[in-house]
4 protein chains.
Amino acid sequence: MNESGVRRRQAEQRRLQFIDTALAVFAAQGFDGTSVKDLAEAAGATQGLLYHYFPSKEALLEAALERHYFLPELRRIAAPDRDRPAAEVLLELARGFARVLDQHRDVVQLMLREAPSNSAVAERLDRARREGVRMVTEYLASRVEAGELRSHDCDASARLLFYAVLAAHLANTPPEPFLPSAVEILLHGISA
Amino acid sequence: MNESGVRRRQAEQRRLQFIDTALAVFAAQGFDGTSVKDLAEAAGATQGLLYHYFPSKEALLEAALERHYFLPELRRIAAPDRDRPAAEVLLELARGFARVLDQHRDVVQLMLREAPSNSAVAERLDRARREGVRMVTEYLASRVEAGELRSHDCDASARLLFYAVLAAHLANTPPEPFLPSAVEILLHGISA
Amino acid sequence: MNESGVRRRQAEQRRLQFIDTALAVFAAQGFDGTSVKDLAEAAGATQGLLYHYFPSKEALLEAALERHYFLPELRRIAAPDRDRPAAEVLLELARGFARVLDQHRDVVQLMLREAPSNSAVAERLDRARREGVRMVTEYLASRVEAGELRSHDCDASARLLFYAVLAAHLANTPPEPFLPSAVEILLHGISA
Amino acid sequence: MNESGVRRRQAEQRRLQFIDTALAVFAAQGFDGTSVKDLAEAAGATQGLLYHYFPSKEALLEAALERHYFLPELRRIAAPDRDRPAAEVLLELARGFARVLDQHRDVVQLMLREAPSNSAVAERLDRARREGVRMVTEYLASRVEAGELRSHDCDASARLLFYAVLAAHLANTPPEPFLPSAVEILLHGISA
DNA sequence: GATGAATGAGTGTTCATTCAT
DNA sequence: AATGAATGAACACTCATTCAT
């Protein structure tokens, strides 16, 4: 009655292999541009087996998005110590964002591609964006209160930073020397 | 004959109708998510007729991208009079970019979606981005020379502006009050 | 704009060919035992063309049942002149039923097969049965009133007749000499 | 060992559970309309286990038909004491047939559905029919000899009785008051 | 005895495209 | 210019069956 642990572990690894290869293929070809045959071949398995693990192509997409979701990582990075000066923190923040995006290049690309025709994806993407911006905004506001930064529209400066990193990622702009320069300009623009 | 002229005009209008409805459908559903049946129905025509005007689905995509390409408009906007002060020009630039993106929402979305799997699209997109950034960079450099702006990495400030507008567009962030605030911060950061 | 009549007629003939060959195959193999490939091959066409004419396999089944429905014929036969004596009429009725069943052997078989899993079919079948029995019942009642037959449960005698023909058909019992004998017994059983 | 006896009994019960649930599912959905998954789920087991007990889906069908075959019961009912009068016996016979069909509703339905595409089933069905008719025919013939019934085509009267019960069953006609009325008419028609 | 991973052929259906009319 | 019949390959998904554990 009790399945041997080995089998279960192997099965779980299969599942993950399906998910991980699917993510790469989906990112490269788009959801609709990817056939189940593509997905099975990429995972080195048969189509039938794919359906043993996932009820549909759509479910495999969702599993991939779930498994590679990066919001927690983004949260960790976007919550710096409010007592440390922006002059020190902002570049770290920018580089941290850039690193997360880079490490999750495939999910990011996939989400951006599918958002217009998949509202669940669109919502996830939006949440990540809003939360990232909000956390940076709050940090900047606390630095204004601390007297390090001048009083200004912190939401705008947060967006400037966040959007610059995001768009640079999309444009494949290398982070150096862009990020340090951008942060320098931004800091100059909002320092007290 | 006059008759043939009428016909030719009608035919051209059909072509344009195919192109324009195709653009909307492609943007909403993606190239691979759109069937020729979808395209024909959206244009109120039969599939056979579509193939009378375009040799393939791919060709219709290209025609749509061609007809709605916005690089010329972008160029006009990104080339301000170099003698006018940045304090006056930058907000105009930002709003101009935003307006172009907004007026060409469908092509923009389509290009961003298809770029990862269509290198021709990717190249067009890249060219627009590079050219836009370059022109702003050159304008800013001329303002540095004119003594209005401090000496700094103009490529970085140009990108900050351009990327902020682009990402705000993607995120559906309304341009007001974001753009004025962002420009104010940027200007503050690079003024002499 | 106006399609040539020839084309439309050819198309209609194709449709009918699909329907008629489908009926035969469905009757022989059952709905679930028949693949769309079977249906296309039987009609000498491709699967794609089948879907040009019918939206689904199910729709083809319905079209076949619709086109070969035999209720009208059954009605014509089951409504004899109420003034003619049963001694003359009953055998005609039995043979008429048998002939209709025989001429519509495939639909009958198909309906009987699919009725348990297709309620639309079950209802049609039931209607035919009820209507056939009712009409014979009414005729017999009028012969009772006319004094030719004794007073008895006419619904039962109508069913005896109808069911005997139906079951004989199903059992592939040849109508001769069964039907004349059966009618003779029945008549003897209900004569005044 | 006792242990092995227990196991064997449990195994046999599993087998029977597979068979009995399969019969119900097959009857409702038809052989081709039923997947092995359906069968396993209906039995509360896995597909693999089903194949431990039966070599194929087909074999499970055969086992079900075997186990629920009703010919022996039919024989018992169709062989009344030849010395008892038809006036007493015929209604018993009719009700007995009806009861057997009712108690074996699923097999009957299944056999009727599958007969056209499964000749083994068709033969079984035919045998039951022929044997039932033959036995009634012989009984009736003996009652003719005994002088209770008039000389007539006993095969026809036997069929009338048998087919009426069968068709009434198929049509879901309730046996009362149909059967008594039908038997009364029949008796009247063949009495000496 | 029982599980469920794995297969490969098959399912009904849709696809982009061609072509006679 | 326009139709829609026709094709054949591809699509997402299910099938009956096998087999290692």
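What you see is a predicted model; the values in this text were computed from it and never measured. Residue numbers begin at 1 in each chain, while the letters A, B, ... track the order of the sequences.
- Taking only side-chain atoms of C:Lys57, from C-beta outward, the nucleotide of E:dG12, F:dC13, E:dA6 with the closest atom is E:dG12.
- Between D:Phe70 and D:His104, the ring planes are tilted. Angles from 30° to 60° get that label.
- For A:Gln47 and E:dT11, the CD to P distance is 15 Å, given to the nearest whole Å.
- In terms of phosphate contacts, D:His52 brings a side-chain nitrogen or oxygen within less than 4.0 Å of OP1 or OP2 of E:dG1.
- When atom types are taken as modelled, the side chain of D:Arg113 and the backbone of D:Ala28 share a donor-acceptor pair closer than 3.5 angstrom.
- Nucleotide E:dT11 is matched to F:dA12 when pairs are restricted to Watson-Crick or G-U wobble geometry with both distances under 3.5 angstrom.
- Remark: side-chain polar atoms of C:Ser35 are paired, donor with acceptor, to backbone N or O of C:Asp38 under 3.5 angstrom.
- Both D:Leu49 and C:Asp32 sit near DNA chain E, but only D:Leu49 has its closest nucleotide nearer the 5' end.
- Residue C:Asp38 contributes atom CG, which lies 12 Å from atom P of E:dG10 at whole-angstrom precision.
- Computed from coordinates, the C:Gln13 CD to F:dA6 C1' distance equals 16 Å when rounded to whole Å.
- Picking from F:dA1, E:dT13, F:dA6 the nucleotide with the shortest atom distance to the side chain of C:Arg14 gives F:dA6.
- A cation-pi arrangement is absent between D:Arg14 and D:Tyr53, since the terminal nitrogen or guanidinium carbon is not both under 6.0 Å from the aromatic centre and inside a 45° cone about the axis.
- The distance from atom CZ of A:Phe54 to atom P of E:dA6 is 12 Å, rounded to the nearest whole Å.
- When distances are taken from the side chain of C:Tyr51 to each of F:dC13, F:dT17, E:dT14, the shortest belongs to E:dT14.
- Taking atom CZ on C:Arg9 and atom P on E:dT21, their separation rounds to 14 Å, with Å as the unit.
- Listed nucleotides: E:dT21, E:dG4, F:dA2. Nearest to the side chain of D:Thr46: E:dG4.
- An OP1 or OP2 oxygen of F:dA6 is reached within less than 4.0 angstrom by a side-chain nitrogen or oxygen of C:Tyr53.
- Between F:dA16, E:dA16, E:dA2, one nucleotide has an atom nearer to the side chain of B:Val36 than all others, and that is E:dA16.
- Summarising the geometry, the separation between CD on C:Gln10 and C1' on F:dT3 is reported as 14 Å, rounded to the nearest angstrom.
- Base pairing of E:dC19: its partner is F:dG4, meeting the Watson-Crick or G-U wobble criterion (both donor-acceptor distances under 3.5 Å).
- Atom CG of D:Leu39 and atom C1' of F:dT17 are 13 Å apart (whole Å).
- The 5' end of DNA chain F is approached more closely, in terms of each residue's nearest nucleotide, by C:Gly48 than by the other of C:Gly48 and A:Glu58.
- Separating the CG atom of B:Leu50 from the P atom of E:dC19 is a distance of 17 Å, rounded to the nearest angstrom.
- Put simply, the side chain of C:Asp126 never gets that close to the backbone of C:Glu123: no donor and acceptor are under 3.5 Å apart.
- When the nucleotides F:dT17, E:dG8, F:dA16 are ranked by their closest atom to the side chain of D:Ser35, F:dA16 comes out on top.
- Closest to the side chain of C:Arg7, from the set F:dG4, F:dA16, F:dT21, is F:dG4.
- The CG atom of A:Leu60 sits 10.0 Å away from the CD atom of A:Glu58 when rounded to the nearest 0.5 Å.
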